[in-house]
**Q** 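Got a structure for you, questions after.
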Amino acid sequence: MTNTKQNNNNSEKERLDFIRQIVAEDLKTNKWDGRVVTRFPPEPNGYLHIGHAKSICLNFGIAAEFAGQCHLRFDDTNPTKEEQEYIDSIIEDVHWLGWDWEGHLYYGSDYFEQMYEYAVQLIKKGKAYVCDLTAEQTREYRGTLTKPGKDSPYRNRSVEENLNLFERMKAGEFPDGSRTLRAKIDMSAPNLNMRDPVMYRILHAAHPRTSDKWCIYPMYDWAHGLEDSIERITHSICTLEFENHRPLYDWFLEKLDAYHPQQIEFARLNLTYTVMSKRKLLKLVQEGHVAGWADPRMPTICGLRRRGYSPQAIREFCRRIGVNKFNSTVDIALLEHCLREDLNKTSPRVMAVLKPLKVVIDNYPEGQVEELEAINNPEDPNAGVRKVPFSGELYIERDDFMEEPPKKFYRLAPGREVRLRYAYFVTCTDVIKDENGEVVELHCTYDPATRGGDAPDGRKVKSTLHWVSAGHALEAQVRLYDHLFTKENPDDAVEGEDFKSNLNPNSLEILASCRVEPSLAGAAPGSRYQFERLGYFCVDPDSSDSKLVFNRTVSLRDPWAKIQKAQKKK
RNA sequence: UGGGGAAUAGUGUAACGGUAGCACGACUGACUCUGGAUCAGUUAGUCCAGGUCCGAAUCCUGGUUCCCCAGCCA
């Protein structure tokens, strides 16, 4: 009897995405002799962003899960765009994300010699030829999406002539752009990539790694499959726009009778409220809308790092978004959720006042200071406790007081009693204003019986406020960040405008005179904290012993802000 | 009829001919010395039209919409 439903632990098992399914199936059928070898192959022409993280986590993740190997390979076939600076940053970022290529660090340029030999082979097979058409002529001969191309007049040169010319191309006899090596496929193919694609162009340019050894450089389609083949990659995972290139990838390796990995395509990551294309990010940098690639508002890995993101949060995000073959835009709220989830577990709590409002406790003994015990992380018992100084002059958050509190405002107001976290219950007795009517100081009384924050008589308060002791607090600068763009889709701009018209003018707010508790003295750049009731913050590299600087990584979930927003709308 | 891909709650993803599920978001409520966290609950979906089948998100036919391709970029 087998008609009872299977309801065992298999239902708990995480389902595999379509790429992992292929890998698992290949392992089962022993298609690649039990090997799993992937690669992350960036061109070192810019900084990595969260979209790359998706690809990195996919490739390195698959290798890790299936006991395989993932190579880091720089696809450095175009010396006019590539720089060592980018190579260094990519290595740093992949490592920071927590992945290890275990010695398998390669460069496409390592294979230039082999690629050249392969090209000679193809020529000898009559499958490639040297073409003297200019770039413009080549375009004309290619035809269009709906019209077939026509054969180059150089298409039927003899093997000997091709060999001779190709060797002389390599030797540097011809100027840039004067000739190319092309694959001889089909000028009327419906797939434009198959209309005798260029394999080599002449470029008298110094390469970051091979210097001026070469003056002919392989094109992506020619180089990439060979790189994969040479490294004996099993699954060559790339993004959707290369789907049209797969027939060519396959064609080269078939004609060469070379080791032949499987190319698999998946959809790029898009995120709401930001842009992901290198071109647009570069524009933001060049036009000064952000302070460089590592600006904490950028979706670059270095930007996220400076913002205070943890590698764990980014990896968890990449795990949750899944992998698919259709374009989608992930809500940045999911990234922020993964961030808070990680930071909540790992960040020590600390009290900091962003917009200070002076509070004087009138009945607190003159000159007295107490060291009160505070819990470092309620989510982590091992994090222990610390002492925080309390005195009769404090700062609280300006937003935590309202002279005329609206409905649902639970915080301090005239005559109202609240708790100061880890300290005492206090009641507001007086409000002092300046000549403009602005509140500049509060006077309160405290209840000595509530020391530590509990009332022996069981009295309850509606809210607990964070605070710092005025005489002990450290001054700090805090940088508040918001989404870079005001629209979910920045490209959704009015006629005649582009994505830059949707830049959020309030994406950065600098608060110059914040006060933080003294335990933060000397906090190291990069260290992360939760400022209680406010959010997660990290120490910026600009920070020094004499001047603390924090970045707000992400705010805490804030129901009161939502209530306020809703009340405003009414 | 140029070719290639793809369509599942607001968003992201499962279900591989057999109960459309999960997460994020939003909204309730409980709890709380963070209006945090946690816990419980509510919300809402198979692009359209036919067909096959006892049974279709899944297979077939026909549409619709979206994405990619005309670099000597990757």
Side-chain angles (χ1 to χ4, degrees), chain A residues 5 11 14-17 21 41-43 45 75 77-78 80-82 131 133-136 138-140 142-149 176-182 188-195 197-203 217 219-221 223-224 238-247 265 267 272 278 320-338 340-341 344-345 349 351 374-375 378-379 408-411 419-423 425 450 452-454 461-466 488 530-535 555-563:
Chain A
K5 266 276 186 58
S11 54
E14 192 129 345
R15 283 171 258 269
L16 302 181
D17 59 66
Q21 280 179 30
E43 181 188 18
N45 69 344
D75 206 358
T77 57
N78 185 352
T80 64
K81 291 189 169 183
E82 296 149 8
C131 180
L133 254 27
T134 64
E136 196 178 328
T138 304
R139 192 181 342 114
E140 285 162 11
R142 185 155 35 229
T144 69
L145 292 177
T146 50
K147 288 193 191 102
D176 286 3
S178 59
R179 290 180 220 263
T180 57
L181 184 73
R182 294 228 255 163
S188 63
N191 181 345
L192 270 8
N193 294 126
M194 301 300 274
R195 319 242 260 230
V198 172
M199 295 164 58
Y200 278 94
R201 74 282 218 188
I202 300 173
L203 238 38
Y217 289 93
M219 297 287 291
Y220 167 85
D221 286 304
H224 205 90
C238 61
T239 44
L240 244 33
E241 66 270 28
F242 292 104
E243 254 170 338
N244 294 330
H245 294 248
R246 184 167 9 108
E265 308 87 10
T272 55
K278 236 173 232 178
R320 290 207 198 185
I321 56 176
V323 183
N324 235 320
K325 287 200 73 144
F326 47 90
N327 297 300
S328 57
T329 303
V330 178
D331 192 338
I332 198 160
L334 180 61
L335 213 209
E336 292 172 346
H337 167 82
C338 295
R340 291 190 182 103
E341 187 178 57
N344 176 47
K345 285 183 302 204
R349 316 285 130 127
M351 290 198 283
I375 295 165
E379 302 293 320
K408 291 190 179 170
F409 182 85
Y410 301 148
R411 282 109 98 142
R419 172 167 39 232
L420 295 179
R421 188 144 162 97
Y422 300 125
F425 284 14
T450 58
D454 280 311
V461 287
K462 288 277 261 187
S463 78
T464 301
L465 309 187
H466 60 277
E488 278 196 16
Q530 184 196 96
F531 289 2
E532 292 218 38
R533 302 210 303 132
L534 296 173
S555 66
L556 249 29
R557 287 187 66 231
D558 186 359
W560 170 238
K562 274 180 196 168
I563 293 166

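On a predicted model such as this, the values are computed, not experimentally measured, just so you know. First the proteins, then the strands, lettered A, B, ... as listed; each starts at 1.
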**Q** Closest approach to the side chain of A:I321, judged atom by atom: which nucleotide of B:rA14, B:rG12, B:rA23 is it?
**A**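 When the side chain of A:I321 is considered, B:rG12 is the closest of B:rA14, B:rG12, B:rA23.
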
**Q** For B:rG36, does either OP1 or OP2 sit under 4.0 Å from a side-chain N or O belonging to A:R340?
**A**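 The answer is no; no side-chain N or O of A:R340 sits under 4.0 Å from OP1 or OP2.
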
**Q** Is any side-chain nitrogen or oxygen of A:H466 closer than 4.0 Å to OP1 or OP2 of B:rU34?
**A**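 Checking B:rU34 against A:H466, no side-chain N or O comes under 4.0 Å of OP1 or OP2.
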
**Q** Is any side-chain nitrogen or oxygen of A:K562 closer than 4.0 Å to OP1 or OP2 of B:rA26?
**A**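 Result: yes.
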
**Q** Mapping A:N193 and A:E379 to their closest nucleotides on RNA chain B, which lands nearer the 5' end?
**A**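 With A:N193 and A:E379 compared, the 5'-side residue is A:E379.
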
**Q** Is A:R195 near enough to B:rA70 that one of its side-chain N or O atoms lies under 4.0 angstrom from OP1 or OP2?
**A**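 Negative; the distance criterion is not met.
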
**Q** On the nucleotide B:rU34, are OP1 or OP2 found under 4.0 Å from the side-chain N or O atoms that A:R411 carries?
**A**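 Answer no for this pair, as no side-chain N or O of A:R411 is under 4.0 Å from OP1 or OP2.
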
**Q** Tell me whether the side-chain N or O atoms of A:N191 pair up with the base of B:rC69 as donor and acceptor below 3.5 Å, since no angle test is needed here.
**A**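 Per atom types, no contact qualifies.
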
**Q** Using distance alone, with no hydrogens and no angle criterion, decide if A:E241 and A:T239 have a side-chain donor and acceptor under 3.5 Å apart.
**A**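 Per modelled atom types, A:E241 and A:T239 side chains form a pair under 3.5 Å.
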
**Q** Does a nitrogen or oxygen in the side chain of A:T144 sit under 4.0 Å from OP1 or OP2 of B:rG2?
**A**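 Checking A:T144 against B:rG2: no side-chain N or O falls below 4.0 Å of OP1 or OP2.
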
**Q** Has A:Y410 got its ring stacked on the base of B:rG35, with centres under 5.5 Å and planes less than 30° apart?
**A**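 A stacking contact exists, since A:Y410 sits close and nearly parallel to the base ring of B:rG35.
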
**Q** Would you tell me if any nitrogen or oxygen in the side chain of A:R349 comes within less than 4.0 Å of OP1 or OP2 on B:rG36?
**A**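 Indeed not, no polar side-chain atom of A:R349 lies that close.
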
**Q** Hey, does the side chain of A:R15 come within less than 4.0 Å of B:rG21's phosphate (OP1/OP2), counting only N and O?
**A**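 False: A:R15 side-chain N/O out of range (4.0 Å or more) of B:rG21 OP1/OP2.
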
